[in-house]
Amino acid sequence: MEITKRQWRMVEFFYPILLSSVLILNYGTIMATAAGEGKTSGGGGGKKTYIVYVKRPDNMQPLSSGRNPLDPYYQTFLPSTISTMSTDGGESSGGAVFHGFGSGGGVGSGGTDQRMVHTYHTVATGFAATLTEEEAKQVASKDGVISAAPEKVYSLHTTRSPDFLGLRQGLGLWDTAKLGAGITIGVLDTGIKPDHPSFGDEGMLPPPLKWKGRCHFPGRHVCNKKLIGAMNLVSDDSTGKRLAVAPSDDEGHGTHTASTAAGNFVKGANVFGNANGTAAGMAPRAHVAAYKVCGVEGCKESDILAGIEAAINDGVDVLSMSIGGGDVEPFHANAVAIGSFSAIRKGVFVSVSAGNSGPDHYTLSNEAPWLLTVGASTIDRKFKASVKIGNGESLEGQSLNQPKSLNSAAMVPLVYGGSSKVNGSNFCDNNTLTSDVVSGKIVACDRGGILGRVMKGVEVKRAGGVGMILMNRKQDGAVTSADAHVLPASHVSYAEGQKLMAYIKSTTSPTASILFEGTVIGDKNAPAVAAFSSRGPSKTSAGILKPDIIGPGVDILAAWPTSIDNSSAVVTFNTASGTSMSCPHLSGVAALLKSAHPEWSPAAVKSAMMTTAYGINTGGKPIPDSTNAPADVFATGSGHINPALAQNPGLIYDLTPEDYIPYLCGLNYSDVQVSIITDEFVKCKQIKPILEAELNYPSFALTIDPKSSAPQTYTRTVTNVGEANSVYTSVVFDPEGTKITVTPNKLTFTQLNQKLKYTITVTATANAATSNKDFSQGYLRWVSDHKHVVRSPISVTFSS
């Protein structure tokens, strides 16, 4: 296969040779979610279930009986041959509606004919009924009917993350939040491809009345009810003026992140035939506004600030920024932190990527506490590409491109790289492979070096190799990536690579074959933290535990502006990995929560996500890191996002923008520095500063002297958003080397939105001084009689 100019641009974009110290993109793949294309549901006697949408009548008043007034209204649309619906059948279950409105809890049908399946009251105006084709035609012809179409049964499997996160049409948070309808997500990135089907507006509401944004694409109908705004804010390096060009996405990253957060339903999404199904974003009915702030030179601070300002003024509800700095900066010198503080003042939720500099500690970007900082994890889907080696062993690997050329019983000669090695490794970098060594062979290459994963395959192909096995280094661990390789290839873990190397060394004539087995669902090790995902502790503010949370960020399928296989396909998708992909997942979930709870502040939304996150993988074990050991709190933060629980967290840790000012003064920032962040004049001498760990945060990051027995006490305030009358009891898992006491150990609430305080007192124990650990971890749980579990992780760093 010839490598086109377009493919060169793609691989060069995704696998840059060097990371600059200026603001850069956290490259990865965005995630569009999937509702897999299914069959039309049917009933007996030639009946099928039809979804019927109708116009809502004006000024409809509740009936005195307490019955929903829409129920008898819906009955008027049924053919006269169908018996009327009884109203004593109980509450109906939710159903799946492709148009994305979800089915609600209407009144189930009773009576003899039981043809009404569901009635919808809050998520849509309409109903589901079993009808014959002729009956459906009668229904569709009636005044007030918008549409009547056979329902389809969907399985979420193409872009796997929604299903993996428990988001299903007509149920749970997708149902409650109406798929994010009415919420606008602003995406600051590389622009967008406006005519991609992921940004089609079928089923979309008109833009919110508060929306003030504009569409900077030429032509009248480029933007629509899905993509309601688009602006180019990239400035010219030589003049400093904004470039007079459309906010088109020439790289792919912006299209990916936007569709991950809020892509609409698209049938037939796949890459090279893998992961085939119907794709959608986390909030499929949310609006998208694209702000191009990143160009070929990266993302400049002035452009980022301009983009944030434009988004706030336009009226976005959520900001998604997969952008980060290479150097640790104080908040008053960081454009993302400064601009985002203004955003949260306006009630805008801000989700950002943690960075791709793991697995070492102290590698984070975007550490401000008013940001949701997101790390990356795997999902339970793999694109299997097994490696069969000459001794009969089979090694597990992945590849997105799955050609059939090596799928045979015939074994092919295998070689480890070329003649040039760096510190014992063979990276297959530029001009290290020669045709006399690798021609006609499968080439085993170490990950790392100058070239990225796909570019190594380009080098192998140039030298005449017929296939590639890409082996993780020890620091890369067990997590592999499914890439659009330019030749038959498989990416294997460090452990599998060690087996391969042992085999190569055991024989003078090693052989191998790559067997492509398609898309496989059900990895029991997922979620696992990706090796590249940046880790805490925070250098800028050690008293704040970062990252906040993790979400899907490995091999995420999402919209792509061009065909990656040089085909003429209109519907194009691609996979990529990075915290760039996990960030928009959480942006989309935030949109759902804001739709379900419009009264919640950004801090409340963040708290709901963090305190309901989970720490156990699908195999029932602690979430692992890339070495398969349990991941620490500086890798996972509060844990993995759980949208189903986040919609009803029980308690929240709320914060107003003003609450951050004592915290900022406590960082010993000057009045001017604090004022830069807050955009208002601040005198810290007139404000009582607080310690970082005293901020009313949903997690704890504490530092103690292991040789001191002096206790440290920290206060938190929780707000009841669960049941009015409820009692929460504390459960503590003490970090090793500490003893934690919670006062009071029970919180009794008598009303909604009631606030109560508690304190934790931390004391070093005798074994703290003798421990060789730099830090330990534990957690505090508040468990209610209504089964809410409000969990806060605790990290304790031992100062020397």
Side-chain angles (χ1 to χ4, degrees), residues 358-360 378 382-399 406 411-429 432-433 437-438 441-454 456-457 459-460 465 467-483 485 488-517 520 523-526 528-533 554-555 577 617 619 621 623-631 635:
D360 293 337
T378 63
K382 291 192 173 183
F383 303 97
K384 197 170 181 181
S386 299
V387 177
K388 183 179 179 183
I389 54 179
N391 63 4
E393 284 191 82
S394 181
L395 311 177
E396 183 178 322
Q398 287 202 91
S399 177
L406 292 180
M411 304 294 283
V412 178
L414 171 67
V415 63
Y416 175 46
S419 57
S420 176
K421 291 182 173 62
V422 179
N423 296 326
S425 297
N426 222 316
F427 295 124
C428 300
D429 280 336
T432 61
L433 303 179
V437 175
V438 306
K441 299 177 183 178
I442 295 176
V443 184
C445 303
D446 289 306
R447 190 173 175 182
I450 296 175
L451 296 181
R453 300 186 300 270
V454 172
K456 291 179 187 292
E459 178 66 10
V460 170
M468 177 181 69
I469 303 170
L470 181 63
M471 301 179 294
N472 273 356
R473 299 160 297 174
K474 186 174 184 179
Q475 62 264 42
D476 300 320
V479 176
T480 57
S481 295
D483 295 308
H485 291 288
S490 179
H491 183 186
V492 302
S493 68
Y494 174 70
E496 298 289 67
Q498 291 297 102
K499 294 178 186 177
L500 181 67
M501 290 304 301
Y503 163 67
I504 290 173
K505 293 174 182 177
S506 71
T507 177
T508 57
S509 302
T511 58
S513 185
I514 303 176
L515 308 176
F516 299 105
E517 301 174 61
V520 178
D523 179 11
K524 296 298 184 183
N525 206 44
V529 182
F532 60 76
S533 186
V554 177
D555 294 335
S577 301
N617 66 10
K621 297 179 180 179
I623 291 175
D625 64 16
S626 56
T627 67
N628 283 330

Note, D429 side chain near K456 side chain (heavy atom, < 4.5 Å)
yes
Result for side chain to side chain contact (heavy atoms under 4.5 Å, CB included) between Y416 and one of V443, D446, L500 points to D446
Under the 3.5 angstrom rule, does the side chain of S577 hit a backbone N or O of D555 as a donor-acceptor pair?
yes
Distance check, rounded to the nearest 0.5 Å: R473 atom CZ versus S493 atom OG?
14.0 Å
Please give me the minimum heavy-atom distance between S394 and S386, naming the atom from each residue.
OG-CB, 3.9 Å
OG of S513 to CE of M411, rounded to nearest 0.5 Å, is 6.0 Å
Nearest heavy-atom pair of A530 and V479: which atoms, and what distance?
CA-CG2, 4.2 Å
Quick check for you: to the nearest 0.5 Å, what is the distance between M471 atom CE and D476 atom CG?
11.5 Å
Hits for side chain to side chain donor-acceptor pair (under 3.5 Å) against Q475, two or more places apart or cross-chain, chain-then-number order -> none
Hey, what do you get for CZ (R447) to SG (C428), rounding to the nearest 0.5 Å?
14.0 Å
Which atoms form the tightest heavy-atom contact between V529 and S533, and what is the distance?
CG1-CB, 4.2 Å
Flag the pair Y494 / T480 as yes when at least one side-chain heavy-atom distance between them is below 4.5 Å, and no otherwise.
no
Validation row: L414, I504 side chains within 4.5 angstrom (heavy atoms):
yes
A side-chain contact here means heavy atoms from C-beta on lying under 4.5 Å apart; do C445 and V460 qualify?
yes
Less than 4.0 angstrom from a charged side-chain N to a carboxylate O is my criterion; do K499 and E496 meet it?
yes
Using a 4.5 Å cut-off on heavy atoms from C-beta on, say whether the side chain of N472 contacts that of H491.
yes
Taking all non-hydrogen atoms of both residues, which atom of A489 and which atom of S399 are closest, and how far apart?
O-CB, 3.1 Å
On a heavy-atom basis, the closest approach of M468 and I442 is N-CG2, 4.2 Å
Rounded at 0.5 Å granularity, tell me how far OG1 in T432 sits from CG in N426.
6.0 Å
Checking the side chain of T378 only, and the main-chain atoms of V554 only, is there a donor and an acceptor separated by less than 3.5 Å?
no
Residues G390 and Y503: closest non-hydrogen pair is CA-OH, 3.1 Å
Under 3.5 Å: donor-acceptor pair, side chain of D483, backbone of H485
no
Is any side-chain heavy atom of N617 less than 4.5 Å from a side-chain heavy atom of P624?
yes
Give, for atom CD1 of I389 and atom CD1 of I469, the distance between the pair rounded to the nearest 0.5 Å.
8.0 Å
